[in-house]
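Comments concern the structure below.
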Amino acid sequence: MSDRLAEPLAKSLGARAANPLATMGLETVDDLLRHYPRRYGEPGTMTDMDQLALGEHVTVMAQVARATVRQMRSRGGALLQVTVTDGRHELALTFFAKRPGALRPHEDKLRPGRHGLFTGVVTEYRGTRQLTHPDYVLVGVDADDDADAIDEASRPIPIYPATAAVPTWRLQRAVRTVLDPLTEDDVPDPVPAEVRDRLRMPTRLAALRAVHVPEDAATWQAGRRRLRLEEAFVLQTVLAQRRARAAEQDAAARPPRADGLLADFDAALPFTLTAGQQEVGKEVAAELARPRPMQRLLQGEVGSGKTVVALRAMLQVVDAGGQAALLAPTEVLAAQHARSLRAMLGPLAEQGMLGGADRATTVALLTGSLGAAARKEALLDAASGRAGIVVGTHALLGDQVQFADLGLVVVDEQHRFGVEQRDALRAKGRTAPHLLVMTATPIPRTVAMTVFGDLETSTLREIPAGRSGITSHVVPAANERWMERVWEKVREEVDAGRRAYVVCARIHPDDDAPAKATADVEEMPELLDLDGAADTGRAPLRAVLEVADELRRVPRLDGVGVGVLHGQMAPADKDAAMARFASGDVPVLVSTTVVEVGVDVPEATVMVVFDADRFGISQLHQLRGRVGRGSDPGLCLLVSTAQPGTPAAARVEALAATTDGFELASLDLELRAEGDVLGAAQSGRASSLRLLRVVQDADLIAQARTEAAAVVDADPGLATHPALADAIAAQVDADQEEYLERA
Ligand code: ADP
Ligand code: MG
């Protein structure tokens with residue numbers, strides 16, 4: 001950063017002006033220049049005052065309609081009452097003073113016909129909305145001379161994220177004070193000149209002027225676009241460097257063998273691979289055969305057959321003398337993966353056992369909750385190389401876990417794992433292991449580029465034939481007849497030999513908080529507070545233990561076993577509950593979102609979700625993916641307490657209306673802050689993205705990716721791009737700071 005940008009604001013503004021800015025976290029010139037306007041007031045376009053909410057701190061663009069000074073008989077003192085209008089609605093501005101004379105300066109300025117910006121907290125007095133002692137600026141009045149005034153009056157007015165102590169025009173003035181004297185030399189540009197030229201983008205300084213002091217709407221739009229490109233470009237450069245570094249690492253080549261476990265597995269496969277599985281399988285096989293680490297993201301809907309693809313990759317590595325690790329986000333899932341891998345492999349996983357195949361391997365399960373003896377054995381299997389496949393949770397990341405020759409790491413449901421963990425596991429091999437990340441949360445292409453930008457992406461688009469699909473309905477919780485119908489349906493399915501999940505957001509009815517993870521992340525429901533649900537007047541969340549109790553007394557479910565599953569149970573109890581459900585012993589399972597990811601019980605056909613309106617879209621989609629996995633059609637019943645017409649109701653209805661994961665993922669992103677999207681998947685990075693929107697700015701992200709790749713290709717160390725290197729270093733610093741604060 002240049003000296004000018006690093007300068008403390010007190011130096012250019014004086015301590016009196018700088019101190020309030022410091023309370024907003026704005027300490028240097030650079031901080032202030034990155035405090036971008038939230039929106040722009042267009043002269044002549046007034047704020048729709050119908051939208052003002054009581055108690056809110058607002059800034060409105062309006063025209064003075066009338067102003068009168070009155071003496072107040074009752075209290076003494078004087079009152080200036082000004083009415084401003086947006087052309088349709090009116091808002092009162094009220095100023096009090098001891099003597100009318102003290103109100104004269106306001107009265108002089110607030111003349112009927114003038115336009116201005118007014119800011120204050122909205123209150124109501126006798127049915128009229130008002131601002132008391134608002135701060136304001138008048139267009140064309142608060143300028144130094146006439147020429148300025150005319151100019152000012154025609155320009156968009158930047159409206160900054162402000163506080164009551166620092167109104168937007170004070171920010172504007174401060175920005176002008178530091179921005180006006182800057183020259184191109186003061187403002188290094190992380191976007192290289194040739195990239196700017198190619199994309200026809202202005203310099204960083206020009207962009208700053210455009211967003212802070214725009215001539216017209218087109219100016220600030222172009223300025224913002226350029227700043228978004230910069231954010232995308234810096235991020236993509238980081239990712240390109242990561243890719244380049246990974247590409248330089250050595251990996252052991254694991255070429256396929258004609259006569260190995262993989263060949264045996266394929267020969268015994270009871271179904272034909274889908275075209276997508278074959279294609280991705282080829283891609284993966286070729287990459288494993290190279291002496292550079294594969295870095296691949298495999299995405300596909302729940303049930304699209306990712307696990308088969310991963311298992312085939314693992315077998316290729318085992319055939320080549322290496323080991324594969326499969327990392328799952330929860331213990332339940334890890335256990336389930338181990339079970340299903342063993343089931344798919346059959347005799348091929350029964351190394352050294354009676355009835356095992358001649359060529360066989362061992363699938364070891366290593367989780368935090370194993371008993372001492374089992375744990376020791378699993379550790380030994382991993383370290384000796386006896387286990388070709390080791391399945392576990394983040395416990396696999398522990399220092400005690402050694403591998404004889406780790407050749408491939410498969411990460412299931414990556415969105416629960418950060419970049420750091422990925423690196424930790426990768427560091428476990430002598431050479432860098434190949435990496436395959438699987439996710440069932442469909443990720444739009446540009447999000448994948450942003451969040452998983454250091455990975456290549458493969459997608460399984462088809463669902464294997466023979467699935468019957470899922471139907472979804474929204475059920476209003478208050479409608480008793482509908483709820484009865486829900487249990488009737490559950491009964492019918494159970495009688496037909498099938499199973500039902502019932503999911504609740506928390507465990508105990510008397511807990512205030514939703515089910516918080518105890519030892520594991522597995523049941524942290526991603527509850528939303530989108531609707532400002534400060535929970536006034538909303539029914540409390542339904543709880544697992546309470547609902548299970550009720551179901552045991554519902555006449556329709558007489559004689560039907562009802563089990564529970566949640567993270568506060570001992571691991572052995574969890575496994576037992578899952579097993580009884582899978583076997584059909586206890587065909588109704590009331591649980592937390594433990595069952596969200598990956599759990600595979602083909603006979604499960606009904607998914608009932610209580611308080612569905614309080615869950616995120618992608619989480620509901622994941623839950624829904626638990627049913628309809630066998631040959632019988634699935635049914636998802638979303639029990640909702642949302643009022644019709646609210647965003648929450650809209651969300652649940654949208655989910656019921658489509659099963660297209662990509663459509664839902666886009667919808668989900670629109671409903672969240674970008675920071676959440678990125679933050680959840682990749683810690684840190686979010687802090688550097690202020691303007692970039694991962695969905696809408698798809699074109700910029702794609703351009704930035706191409707340009708960044710070319711820049712890093714030509715100059716991996718960025719020696720010829722000091723401004724870019726600085727921007728990256730500053731970002732990494734900020735991320736680390738944030739990381740430390742959170743730790
Ligand atoms: P995902 O991991 O993507 O959710 P899985 O790999 O677990 O999906 O596959 C879901 C189910 O479909 C499993 O029971 C699996 O054996 C089966 N399956 C996978 N591929 C095929 C295929 N090509 N044809 C038929 N069934 C398949
Ligand atoms: Mg799976």
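As the structure lists them, so they are numbered: ligands from 1, and atoms in each ligand from 1. None of these values were measured; they are calculated from a predicted model.
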Open item on the list: When you measure from the heavy atoms of T272 to every atom of ligand 1, does any distance fall below 4.0 Å?
Closed with: yes

Open item on the list: What I want to find out is whether R339 reaches D575 closely enough, with some N-O distance under 4.0 Å, to be called a salt bridge.
Closed with: no

- [ ] May I ask you to decide whether K489 forms a salt bridge with E492, counting only side-chain N to carboxylate O separations under 4.0 Å?
- [x] yes

- [ ] With heavy atoms only and a cut-off of under 4.0 Å, state how Q277 meets ligand 1: side chain, backbone, both or neither.
- [x] side chain

Task: Euclidean distance, E653 CD relative to T658 OG1, rounded to 0.5 Å - done: 14.0 Å

Task: Numbered atoms and elements of ligand 1 in range of T274, under 4.0 angstrom, heavy atoms - done: 23 (N)

- [ ] Indicate yes or no: does D319 engage R359 in a salt bridge with an N to O separation below 4.0 Å.
- [x] no

Open item on the list: Any heavy atom of S304 closer to ligand 1 than 4.0 angstrom?
Closed with: yes

Open item on the list: So, regarding G305 and ligand 1 (criterion: nitrogen or oxygen to nitrogen or oxygen, under 3.5 Å), is there a contact or not?
Closed with: yes

Task: S640 (side chain) donor-acceptor with A642 (main chain) under 3.5 angstrom - done: yes

Task: L273, portion touching ligand 1 at heavy-atom distance under 4.0 Å - done: backbone

